[in-house]
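Letters A, B, ... mirror the listed sequences (proteins, then strands); counts begin at 1. Because the structure is predicted, anything quoted here is derived from the model rather than measured.
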Protein chains: 4
Amino acid sequence: MHELVETYLIRHVGLEVGGKLHTGRSRNDQVALDIRLRLRRRLLEVWDATLNLIEALVEKAKSEKKTVMLLYTHTQHAQIGGFPHYLVAYIDHLLRDLERIEACYGRVNLCPLGASAIGGSTLPLNRERVKELLGFDGLLENSVDAVSSRDYILEAASTLAILMVHLSRIAEDLILWSSSEFGYVELPDELASPSSIMPQKKNPCILELVRSRAAKVCGLCSALLSMVKAVPTGYSRDFQDTKPPLWEALNLTLSSIKILALTFRKLKVNRDEMLRKAAESYALAMDLAEALVKHSGLSSREAHKVVGALVREAAEKGLKLSNLDLGFLSKTAKRVLGREISLPSQVFSRIVNPRLVLVERQTLGSPNPREVERMLRARVKAVRESRRNLKLKASKLRKAEAKLQSQVAKLISKA
Amino acid sequence: MHELVETYLIRHVGLEVGGKLHTGRSRNDQVALDIRLRLRRRLLEVWDATLNLIEALVEKAKSEKKTVMLLYTHTQHAQIGGFPHYLVAYIDHLLRDLERIEACYGRVNLCPLGASAIGGSTLPLNRERVKELLGFDGLLENSVDAVSSRDYILEAASTLAILMVHLSRIAEDLILWSSSEFGYVELPDELASPSSIMPQKKNPCILELVRSRAAKVCGLCSALLSMVKAVPTGYSRDFQDTKPPLWEALNLTLSSIKILALTFRKLKVNRDEMLRKAAESYALAMDLAEALVKHSGLSSREAHKVVGALVREAAEKGLKLSNLDLGFLSKTAKRVLGREISLPSQVFSRIVNPRLVLVERQTLGSPNPREVERMLRARVKAVRESRRNLKLKASKLRKAEAKLQSQVAKLISKA
Amino acid sequence: MHELVETYLIRHVGLEVGGKLHTGRSRNDQVALDIRLRLRRRLLEVWDATLNLIEALVEKAKSEKKTVMLLYTHTQHAQIGGFPHYLVAYIDHLLRDLERIEACYGRVNLCPLGASAIGGSTLPLNRERVKELLGFDGLLENSVDAVSSRDYILEAASTLAILMVHLSRIAEDLILWSSSEFGYVELPDELASPSSIMPQKKNPCILELVRSRAAKVCGLCSALLSMVKAVPTGYSRDFQDTKPPLWEALNLTLSSIKILALTFRKLKVNRDEMLRKAAESYALAMDLAEALVKHSGLSSREAHKVVGALVREAAEKGLKLSNLDLGFLSKTAKRVLGREISLPSQVFSRIVNPRLVLVERQTLGSPNPREVERMLRARVKAVRESRRNLKLKASKLRKAEAKLQSQVAKLISKA
Amino acid sequence: MHELVETYLIRHVGLEVGGKLHTGRSRNDQVALDIRLRLRRRLLEVWDATLNLIEALVEKAKSEKKTVMLLYTHTQHAQIGGFPHYLVAYIDHLLRDLERIEACYGRVNLCPLGASAIGGSTLPLNRERVKELLGFDGLLENSVDAVSSRDYILEAASTLAILMVHLSRIAEDLILWSSSEFGYVELPDELASPSSIMPQKKNPCILELVRSRAAKVCGLCSALLSMVKAVPTGYSRDFQDTKPPLWEALNLTLSSIKILALTFRKLKVNRDEMLRKAAESYALAMDLAEALVKHSGLSSREAHKVVGALVREAAEKGLKLSNLDLGFLSKTAKRVLGREISLPSQVFSRIVNPRLVLVERQTLGSPNPREVERMLRARVKAVRESRRNLKLKASKLRKAEAKLQSQVAKLISKA
């Protein structure tokens, strides 16, 4: 319906020349218009869906407030962290994606109409009026620019591709975590594809599809760059072929966002397994070294040497860090440094406890629970503002549409 | 020198724990930092070079104020336009590129330092202070986000790719125009590669290299998307390989921008040939049809029919539109519509004159000389503002560096 | 119908264990099978269509036997050539594409069935028998390889992308040649999109679409590489998403080949314009220099110097090479070399004649009409052999299908 | 040295016209030549390195003859397999890569020389003789084709990209397997990047770089497609820019192959952990179901139902399949089917033993040890033949070079 009215208007607005309706329109500027009209609506949908996904992550973070987990670098244990803190990282990726989407929207929501074939018209078309009736924020002024530029399509496609790279990495995490070997999370039955013969096996097919669709969207972005690059300035029919990849990229991105939102709403987190693996790891080594610096007066290098020796010995003996006592540490330090060290026992016992060590983290942005809570509150606020902003844009489009329809009604009654 | 100081500081700022200097730094957040430190400077260079290119276009537009040219769609004659108006379209492409570069800069100039390996530190590192000393506009708060996100690299790469698509299309125009068949422009000797045996032949090699480098930058962007996509959240060594494509994309883009700036400063425009081809074409057809609507009371459809018949007959007889007279038009109209039409002769004579017809164009953004002048003035203003903005950013970096150096000096004298 | 039978067979062949039908099949090897069954048929279609396109080029070359044209490097005049010779270059591109398609077909037409989920079966499935009934040329032996490799898809996609690059370059030639400025060829009305108002303007939209579809296929190839790369060895659902890009790449390639075949069958060549532009160019310079080496005893360097000076002077005076006489040459040589040269006048007059100069070309593969005829004969033979080869493969598939159907009938009657 | 001689010859062979040396050469065909001369040598190096990698895999397979491992689909347990069988899958990927490299070599090793600028020469250059002296297998006949086609570069690049996709997937397997959670393999100290503080942590950085370089090579392939696509038929300077991506793709591929060969020669396989995880999994379910079909007369559907129920119950009770006895199976079958089933106890005990079940696998290509041994023998033979083939090609190049040098010596002594 919306599009019908728009099309009607496009054909008639600004064309009341000498009591008659004339167009001064050309296929070239109208094609450019049609893409922008549709793209802006789809971008708002992606925006909305991304906010929903962030909200699902916020909720999950709140309901897993105390869930400890290992942080990995090189797919190897690195440090102890927390699951809600990890989710905040996801949220922060997505908030930057929203910034890019909003900026892209601003360059999409410009009106090319009135450029005629490519050189403007001798008819007194009122481009400003058309712009307002169609809810645009501005004009593509120069008529050659208006019919021949497609950078907004390339910007939209690459913005989606970057967003999909984020989603693919999240999917990759979840696929790994849902393997038997990690066992951190479990997909709900409705989102997993079980095998009849191994009913406990839950194939994370939907996550694999998020991963493959990210590859597809990146490929579509690459296709679009190559396609637009091939066209000299001016309009060519090549531009018609920019539409299917653009709409497909939007569809794939939208559905992937929705799938991940659903996944996080339903995901079962195996808190005990996460805690067990953390407690049995050597991921506390860095915190212990820092404690030796802070409380025992060691230099960084000395602390690293002592803890390195400790971990090596523990690993050889099959001991877990969390099982060791201060005595073992003292002996190792003596052996390595040739002198005694002192570390308050209540410090030591906090460090080797995966829950308590998080409270020791002092840097801004760390998985310290207080810090996570602070960040979550700030994210909730950011989401609220973003949603307000989104609503303003959507409402501007709706109002323009209503005004347009009333103008159309008048035109029709006059005719 | 700058980087030495930075590295020094990174190793020492915020680390005065109990009278000693300690780091709490890890390779992971420092790698993330180093890319951002270098990328932000390179982005400012691209920004600066793009402004120079726009200025070259502005100057050219001013010195070719009256140069008429054909506008093409589908590499076929479409309408009469003007060369300076065409250059404004280029300028408008590039101004949007600058918007994207500025937005990208904002997401690049954030400080990841203090994230430690991935989970923050138990040492009381002052991340805000480090941020300020290093001239950053903000923090990458979440420690997982800080070491594992590379979306700013992808955004920079795709921003450059889109810019290169613009440059490639400009190069394509110039290659075509410098063919014998078009003969619109001539490269200066120092930018062309002549043949010893056909000295008048000027191979536009540097423009062909702009075209091929655009393809390269698009491919590098594709490589980066695929590279980052493959890494689960967290730091992996894959990220080390994001650097060469990024620096190469920046180098190729910078040199291409400079080549085009030089080209436009030196380009010889064959005004007579441009005018001759315009006058001999049928590209006035649309203006004539609009005149019949405006002055003779024809409907759009009727006007198109009459002009179509006129052009067909002229083409068959080998006549150029600009040679026809009102009588020929009247006869054609009579034959096609079955009735007489009237068109003021001074209107007709303006329409079939490639120079005068531009003055008739009434739409905002058209090649009407007044409109072109207005747009040029606005672009000059936009460039000035953009340059002011660029200088502010550069100066902020310089000031932070100076402050950092004085802090370093103090630290060193203390040590 | 074919696929129904195949599916039936897949479900039943090799499964008569102890008088009952059992499968030992898994979704994983069947998915791998389905792609191969469909892909091999589509590859044969592409093969067939490419042969048709080559035949259209051969016919065109025959009907334009004597058409002279300029050869371009850097979109600048380079040497005189011939249109049929140019078409042989296209044919040679395509014959190499056919070599690649045939090699790819060989790696596609292998049977993965019998790999079960990934580790084979304890049931005595007869993989060799299944292979033969399904018309395959060989087996994907290793069961892990059978379900987890997709290199044949990547090879097919990149083979199509390379073919499309060829088609895009051909389209680019034709778009350029159909501009008013070149005027070498004219699209037939049924393939051009005219404008109502400029009826003589023929927009080469279908060629622009070939160009944009080449970009699309390259992007799909890029998507597939990134998609398969992301999957560890083993089957993952990502592979499901390899299908749409593959089928789309095949469809776009097939339709582009057909469009170009039709274009060449209908294309109007403006022989006079081609000849005129050749005669008015300086593209005979290299032949003249060679004549001075061959007949006047000059060194290469001397010859280049003389001809360079000649061309420069001619260009300055607005003279065309073909209008010059021996006297002019002698004077230039004297001025440049300081001595007289002699060149037989009948040699000179052949060199400056665009038709006759081609007869002077002596190298294998040159546009010498005898050489073009020889090459065309050889290409016709190559096409005939390729078609024979294609028919053999198609007939093997048909025979296997028939045998399969009779086996199915037996199985059904037994059941 | 080699290249010097080649260049010398190129400048002089076939040019003895009338007792003097002349060239008839142009930059355009020589550029085309240079790429082919270098590319063919680099392809042979890739071929050689790939054979070395396959040999490393063969050796590893032999030294791990009895190593049982889990096979995964969707990164979830699927069936029991064997490590040497898995390595045969890698070998088979690579053997197909070698087929593609060999076919590509055939299209690279063709001589373009003698095409002159683009239209051949009037000098009697002996293209056949040049071809032989330079060790080429054939000619690029048509002169336009010779200077303007770059499909061999695109084919080489995509062949390398596909090979790199294989290497990336292998690297991904190894990265996963070297995580603490999997613990299947251990990188030797010299190939891992340890942390000073967690000395047992071995970061698989070199494998991550294989993964990222695969992305780079895919991106370079994409760049090349877009680059060549942009050039109309004929030579343009864009082609100069095809060289850096090509050489870089070759370098990255070569080094990645070598890294993986080294990795497999040094890799420590944790056989016990592999066996333990296999024994504790439910991956025997499919074999058990097939046994019920084969030995107990159940239909496929019934067998799946019984085994599904069995696995579910075992999983709920925390029991491993390998701990279950026949009684448990019988009870489950009774409950599910409502009737007794019989399965020979020696069959059951073989099925639930990860080692013995492999002996039960009957399909061609399965991980049955006899089958693995047969496949390995066949692969060893294939490698031997491929190496013979490679040597023939290398020796042909060397002989041509020697002959060329003696010709050069003669020419020089004459001069």
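- Contact annotation for Glu99(A): both backbone and side-chain heavy atoms come within less than 4.5 Å of a heavy atom of chain B.
- No part of Leu358(A) comes within reach of chain B, as not one of its non-hydrogen atoms sits under 4.5 angstrom from that chain.
- Between chain B and the residues Glu172(A), His93(A), Arg96(A), the most heavy-atom pairs under 4.5 angstrom are made by Arg96(A).
- Residue Arg301(A) does not touch chain B at all, counting heavy-atom pairs closer than 4.5 Å.
- In this view, Glu302(A) and Arg339(A) satisfy the salt bridge (Lys or Arg N to Asp or Glu O under 4.0 Å) rule, not counting sequence neighbours.
- Of the atoms belonging to Arg350(A), not a single heavy atom falls under 4.5 Å from chain B.
- Annotation: maximal heavy-atom pairing with chain B below 4.5 Å, among Ser222(A), Ser149(A), Ala157(A), occurs at Ser149(A).
- Between Asp29(A) and Arg127(A) there is no salt bridge, since no side-chain nitrogen of the basic residue lies less than 4.0 Å from a carboxylate oxygen of the acidic one.
- Under 4.0 Å is where a charged nitrogen must lie from a carboxylate oxygen, and between Glu128(A) and Lys131(A) at least one such pair does.
- Proximity to chain B is limited to the side chain of His166(A), based on heavy atoms less than 4.5 angstrom apart.
- Per-residue heavy-atom pair counts under 4.5 Å with chain B were compared for Ile118(A), Thr233(A), Ile162(A), Leu364(A), and the maximum is reached by Thr233(A).
- Neither the backbone nor the side chain of Asp97(A) comes within contact range of chain B, judged by heavy atoms closer than 4.5 Å.
- Both the backbone and the side chain of Ser148(A) come within less than 4.5 Å of a heavy atom of chain B.
- Under a 3.5 Å cut-off, the side chain of Ser366(B) and the backbone N or O of Asn368(B) do form a donor-acceptor pair.
- Here Glu155(B) pairs with Arg100(A) in a salt bridge; the nearest charged N to carboxylate O distance falls below 4.0 Å.
- The minimum heavy-atom distance linking Gly119(A) with Leu71(B) is given by the pair CA-CD1, 3.7 Å.
- For Ala215(A), the parts sitting under 4.5 Å from any heavy atom of chain B are the backbone and the side chain alike.
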